[in-house]
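What follows is a set of notes on a single structure, which appears directly below.
Only a predicted model underlies this, so the values are computations on that prediction, with no experimental measurement involved.
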Amino acid sequence: MVERKDVPAPPWRKPRRPAQAKRVLSQELIVETGLRILDAEGFDALSMRRVAQELDTGPASLYAHVSGKEELLELIYDRVLSEVRLPEPDPSRWKEQLRDYAQELHRVFRDHADVARAALANIPTGENSLRMGEFTYGLLIEAGMPPGEASLAMDRLTLYLVGDAYEGSLHWARMRASGMRSPQEYFEAFVGQIIGYYRALPRQRFPHLHDHVNELTAGDGEDRFHYGLELLLDGIEARMPKT
């Protein structure tokens with residue numbers, strides 16, 4: 001029997017939900033979904049199963065596009081690096097450009113707090129990782145630094161940037177676990193505990209830690225990041241051949 005469209009449905013019948021077109025799976029869609037989970041729920045929440053659930057499919061269907069979680073993390077990391085804006089290299093302004101590059105990467109890591117955990121101990125092979133490596137390495141070489149030393153300088157700078165972001169991601173995880181919603185509230189509580197503990201130390205054994213706890217805890221994460229960055233840049237400059 002054909003249901004006539006001009007006859008209303010009885011009130012006890014559940015309304016039909018409109019059919020939703022299923023999205024066609026692709027590597028790009030999987031990566032974007034994984035990044036969204038990473039940003040919203042953190043590193044530990046990301047899994048192939050969780051991505052499949054978000055896409056309303058089974059985990060097995062993802063493996064046609066991504067070999068597993070390790071590759072997914074590499075792809076997510078490279079996707080995030082696509083947001084880094086790089087200028088045209090100018091070796092005569094290498095220090096200024098390296099500073100701008102570091103601050104730009106710091107900004108992107110801050111926008112995607114947990115992604116730095118996917119960067120440690122991975123050799124950069126993605127297109128955007130290579131793009132950034134070519135920029136920093138080439139900038140140092142063209143400025144006059146020998147390739148071997150430029151390699152070490154680039155490696156240590158990258159480790160500093162990723163390590164700083166990784167520390168930040170650990171604090172974000174602790175903040176989520178504590179139930180605090182405000183980073184300011186979390187860090188005030190965190191620093192307050194440190195101050196209280198150091199002031200309780202026996203002064204005769206730890207006089208400097210006890211007496212200078214305010215200086216030890218002064219400045220926020222941004223202040224400390226920029227201070228460390230300048231230390232590295234000054235160190236690289238000191239090793240740059242004199243012209």
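- E237 and K242 are not joined by a salt bridge, as no carboxylate oxygen comes within less than 4.0 angstrom of a charged side-chain nitrogen.
- When every heavy atom of V66 is checked against every heavy atom of M48, the shortest pair comes out as O-CE, 4.0 Å.
- A distance of 12.5 Å separates CG in D100 from NZ in K95, rounded to the nearest 0.5 Å.
- Taking a cutoff of 4.0 Å between a charged side-chain nitrogen and a carboxylate oxygen, D164 and R224 do not qualify as a salt bridge.
- Remark: E167 engages no residue in a side chain to side chain donor-acceptor pair (under 3.5 Å) (not counting sequence neighbours).
- To the nearest 0.5 Å, atom CG of residue L86 and atom CG of residue L139 are 10.5 Å apart.
- Across F135 and P87, no two heavy atoms sit closer than the pair CE1-O, 3.5 Å.
- Between V31 and H65, every side-chain heavy-atom pair lies at or beyond the 4.5 Å cut-off.
- Here the CD-CG distance, from E70 to L72, works out to 11.0 Å after rounding to the nearest 0.5 Å.
- Between the D223 side chain and the D220 main chain, a donor and an acceptor come within less than 3.5 Å of each other.
- Within 6.0 Å of the CZ atom in R49, the count of heavy atoms belonging to other residues, nucleotides or ligands does not exceed 12.
- You'll find the side chain of F109 reaches within 4.5 Å of the side chain of V162, heavy atoms only.
- Residues P241 and P146 meet the side-chain proximity criterion, which asks for heavy atoms closer than 4.5 Å.
- Judged as a side chain to side chain donor-acceptor pair (under 3.5 Å), and not counting sequence neighbours, E215 has no contacts.
- Every residue two or more places apart in sequence or in another chain that forms a ring-ring contact (aromatic ring centres under 6.0 Å, His included) with F187 is listed here: H171.
- Under the side chain to side chain contact (heavy atoms under 4.5 Å, CB included) criterion, E134 pairs with no residue, sequence neighbours left out.
- Of all non-hydrogen atoms in A116 and Y166, the two that sit nearest each other are CB-N, 3.6 Å.
- Criterion: ILVMFWY side-chain heavy atoms under 4.5 Å apart, direct or through other members. Under it, L161 and L231 are not part of a common hydrophobic cluster.
- Residue pairs that meet the ring-ring contact (aromatic ring centres under 6.0 Å, His included) test with at least one member in residues 209-233, sequence neighbours left out, are H106-F225, Y160-F225.
- The side chain to side chain donor-acceptor pair (under 3.5 Å) search around E41 returns R50, not counting sequence neighbours.
- Looking at D44 and R117, a side-chain N of the basic residue comes within less than 4.0 Å of a carboxylate O on the acidic one, giving a salt bridge.
- A donor-acceptor pair is defined here as one N or O able to donate and one able to accept, closer than 3.5 Å; such a pair exists between the side chain of K69 and the backbone of L46.
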Full working for side-chain contact (heavy atoms from CB on, under 4.5 Å) between L157 and L229: CA-CA 8 Å; L157 176 63; L229 176 59; 4.0 Å; yes

Steps toward side-chain contact (heavy atoms from CB on, under 4.5 Å) verdict (M132, E127): CA-CA 9 Å; M132 291 165 55; E127 180 180 349; over 6 Å; no

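- Listed by chain and residue number, Y137, L140, I141, M145 satisfy the side chain to side chain contact (heavy atoms under 4.5 Å, CB included) test with A150 (two or more places apart in sequence, or in another chain).
- In terms of the side chain to side chain donor-acceptor pair (under 3.5 Å) criterion, residue partners of E188 (sequence neighbours excluded) are, by chain and number, Q184.
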Derivation of the side-chain contact (heavy atoms from CB on, under 4.5 Å) call for I236 and L98: CA-CA 10 Å; I236 294 173; L98 214 54; 4.2 Å; yes

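- With contacts defined as side-chain heavy-atom distances shorter than 4.5 Å, the pair T125/L130 does not qualify.
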Do any side-chain atoms of residues 195-204 form donor-acceptor pairs under 3.5 angstrom with protein atoms, and if so which ones, sequence neighbours left out?
{"from": "R199", "atom 1": "NH2", "to": "N214", "atom 2": "OD1", "distance (Å)": "3.0"}
{"from": "R203", "atom 1": "NE", "to": "D211", "atom 2": "OD1", "distance (Å)": "2.8"}
{"from": "R203", "atom 1": "NE", "to": "D211", "atom 2": "OD2", "distance (Å)": "3.1"}
{"from": "R203", "atom 1": "NH2", "to": "D211", "atom 2": "OD2", "distance (Å)": "2.5"}

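- Pairs engaging residues 142-159 under the side-chain hydrogen bond (donor to acceptor under 3.5 Å, both in side chains) rule: E149-R239 [sequence neighbours left out].
- Contact check for L25 versus L55: side-chain heavy atoms found under the 4.5 Å cut-off.
- M240 is not connected to L152 by any chain of hydrophobic side-chain contacts under 4.5 Å among Ile, Leu, Val, Met, Phe, Trp and Tyr, and they are in different clusters.
- Atom-to-atom distance recorded for T136:OG1 and W94:CH2 is 12.5 Å, nearest 0.5 angstrom.
- Applying the side chain to side chain contact (heavy atoms under 4.5 Å, CB included) test to S67 and every residue at least two apart in sequence or in another chain returns E71.
- You'll find the side chain of R174 reaches within 4.5 Å of the side chain of F190, heavy atoms only.
- At a threshold of 4.5 Å between non-hydrogen side-chain atoms, the residues H208 and L216 do not count as touching.
- Within the structure, the side-chain hydrogen bond (donor to acceptor under 3.5 Å, both in side chains) test picks out the following pairs touching residues 76-93 (sequence neighbours left out): E32-R79, D78-N128, D78-S129, R79-E83, E83-H112, R85-E104, D90-S92, R93-E96.
- Atom CD1 of I76 sits about 11.0 Å away from atom CG of D114, to the nearest 0.5 Å.
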